[in-house]
Amino acid sequence: MNDSIFTQNIENWYVNNKRDLPWRHNPKPYLVWLAEIVFQQTQIKQGMGHYKRLVEAFPTVEKLADASEDDVLKLWEGLGYYARARNLHKAAKLIQSNDAFPKTGKEWESLPGIGPYTAAAIASVCANEPIACVDGNVMRVLSRTHAISDDIRAGTTQALMRKIANEKIQFAEHPGNFNQGMMELGAIICTPKKPNCNACPVQHQCALYNNQLDPSLYPFKSKAKPRIKRHLHFAFASNEPFVLLRRNPEKGIWAGLYLLPFNEGKESAFKKTGSLVKKGKHLLSHQEIHYYIWDIKTWKLLPDDHTDYKHAPLDKPLPALPVPLKKFVDAFVNL
DNA sequence: AATGCGGGGTC
DNA sequence: GACCCAGCATT
């Protein structure tokens, strides 16, 4: 394949077809970095509201660094993968103490929450550094243009993709445009189902198109493990002027977040004293959480270990809660 | 190299 | 129900 023409086609297509996204108006490191963190494993439509609120609340890295972690988490509430918010905040403090943003991709990658993908994205867009981004979109595009049927879950396959993309980006006029073009192509044209091959700028550089192979077979991805089923029973006291919360352990799901006190298992510890006011199923990538919320009216005696508990007044914003609990508490407050 | 980590959208 | 998403840190 002629990499030079491939790269040119991607760049030209990107310049003429890119979506109007906030950080593209003026791609400064802060706005690009923030966007890359928000949109890790998160589709643009899903994360855009959070991104805009974060930029408004923290217009500069100094504002972000000076905020409390709780405030950052509150703005992250509902986005998931909450370690991203904590690492973002930590990195902001490091940038502030250095009094400068990193310059090279290697420097960016040394910050918490920034791996090979994010470092390449920021350095290519903000500093014209020719390092290829390899995300889910890029792997889909390359698996099709090069008819690669290896499992994209495997690290070796991702390394192969990175090698191919890095060869192509050497021909880029603006590496940032090539990287964003590859991802944009995967997001808009070379979609998982029913790709719009007629609108593709690298149609004639595509092994699948040229050989009339079925794009639904590419990329190949091995099956995910089945979800673990869990049953969580949460306690809520509707007659109190506060919500009693307990901080979750630092490991596992919703690490370090405040939750309603709960016990896990088929049996509820609150069955005798409470009434079931809500139950639901919350699906995560790897867990199927059946949750039950019991109204115990009042907290007659508080739990023994006092240290991890918090009384959150109902007339003030609550700490960041996981989605199912946030929905329940918000609905109660709005009654 | 494998695993865990959220939540929403689509078909 | 299955799959996907501007991945990373940890083990």
Side-chain angles (χ1 to χ4, degrees), chain A residues 14 18-19 21-24 27 31-51 73 76-88 90-91 108-122 124-125 132-141 151-159 161-162 165 176 179-188 190-195 216 219-228 248-257 280-289 320-327:
Chain A
Y14 173 73
K18 62 180 176 182
R19 290 170 288 181
L21 301 174
W23 58 95
R24 288 178 176 169
L31 295 182
V32 173
W33 164 49
L34 184 53
E36 293 302 338
I37 304 300
V38 166
F39 295 108
Q40 285 170 3
Q41 295 298 98
T42 304
Q43 294 186 331
I44 300 294
K45 193 189 296 182
Q46 183 188 356
M48 187 58 78
H50 284 84
Y51 179 75
L73 279 171
W76 204 269
E77 187 179 36
L79 253 191
Y81 289 152
Y82 296 93
R84 287 185 294 174
R86 294 203 176 84
N87 285 332
L88 180 75
K90 284 180 197 153
W108 278 104
E109 201 171 337
S110 71
L111 291 174
I114 298 186
Y117 162 78
T118 305
I122 302 171
S124 67
V125 170
C133 292
V134 178
D135 71 341
N137 288 307
V138 173
M139 286 201 284
R140 183 168 54 255
V141 171
D151 184 0
I152 62 167
R153 237 183 255 283
T156 52
T157 309
Q158 293 171 20
M161 302 278 188
R162 191 166 288 116
N179 276 333
Q180 295 184 89
M182 290 290 283
M183 296 189 278
E184 196 87 340
L185 189 67
I188 295 176
C190 197
T191 48
K193 291 174 184 174
K194 293 192 179 180
S216 72
F220 169 70
K221 194 174 188 180
S222 54
K223 294 278 181 233
K225 286 173 50 177
R227 292 188 178 95
I228 304 295
N248 225 18
E250 292 297 334
K251 289 199 160 237
I253 197 79
W254 300 319
L257 262 58
K281 186 167 71 173
H282 187 68
L283 289 176
L284 308 176
S285 303
H286 53 295
Q287 296 189 16
E288 177 178 314
I289 296 178
L321 298 176
V323 162
L325 297 182
K326 174 179 170 50
K327 284 181 178 169

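Throughout, a chain's letter reflects where its sequence line sits, starting with A, and its residues are numbered from 1.
- Paired with A/Pro219 under the rule side-chain contact (heavy atoms from CB on, under 4.5 Å), one option of A/Val141, A/Thr157, A/Ile152 passes, and it is A/Ile152.
- OP1 or OP2 of B/dG6 has not a single side-chain nitrogen or oxygen of A/His282 nearer than 4.0 Å.
- A/Lys225 has no side-chain polar atom (N or O) that falls below the 4.0 Å cut-off from OP1 or OP2 of B/dA2.
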Can you build the contact string for nucleotides 3-10 of chain C? Use B for base contact, S for sugar-phosphate-only contact, and - for no protein heavy atom under 4.0 Å.
SSBBBSS-
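- The two residues A/Trp23 and A/Ile44 have their closest heavy-atom pair at CH2-CD1, 4.1 Å.
- Between A/Asn179 and A/Ala132, the shortest heavy-atom contact is OD1-CA, 3.4 Å.
- Put simply, A/Trp76 has no side-chain N or O that comes within less than 4.0 Å of OP1 or OP2 on B/dC5.
- Across all strands, A/Gly47 comes closer than 4.0 Å to no nucleic acid atom at all (heavy-atom distances).
- At a cut-off of 3.5 Å, with distance as the only test, no side-chain donor of A/Tyr117 or A/Gln40 sits close to an acceptor on the other residue.
- Environment of CG in A/Leu283: crowded, with over 12 heavy atoms of neighbouring residues, nucleotides or ligands closer than 6.0 Å.
- To the nearest whole angstrom, the two C1' atoms, one in B/dG9 and one in C/dC8, are 23 Å apart.
- Following rounding to the nearest Å, A/Arg84 (CZ) and B/dG4 (P) show an atom-to-atom distance of 19 Å.
- Where A/Gly78 and A/Gly155 each meet DNA chain B at their nearest nucleotide, the meeting point lying more 5' is that of A/Gly155.
- Rounded to whole Å, atom C1' of B/dG6 lies 15 Å from atom NZ of A/Lys326.
- Separating the CG atom of A/Asp151 from the P atom of B/dA1 is a distance of 13 Å, rounded to the nearest angstrom.
- C/dA6 and B/dC11 have their P atoms separated by 15 Å, given to the nearest Å.
- For the pair A/Tyr82 OH and B/dC5 P, the computed distance is 14 Å after rounding to whole Å.
- OP1 or OP2 of B/dG4 has not a single side-chain nitrogen or oxygen of A/His286 nearer than 4.0 Å.
- Every residue two or more places apart in sequence or in another chain that forms a side chain to side chain donor-acceptor pair (under 3.5 Å) with A/Asn137 is listed here: A/Asp135, A/Arg140.
- The interatomic distance linking A/Gln287 (CD) with B/dG6 (P) rounds to 8 Å, in whole Å.
- Between A/Lys194 and B/dT10, a side-chain N or O to OP1/OP2 separation shorter than 4.0 Å is absent.
- Here the C1' atom of nucleotide B/dG6 and the NE2 atom of A/His50 are 11 Å apart, to the nearest Å.
- Not a single salt bridge (charged side-chain N to carboxylate O under 4.0 Å, His left out) links A/Arg153 to another residue, sequence neighbours left out.
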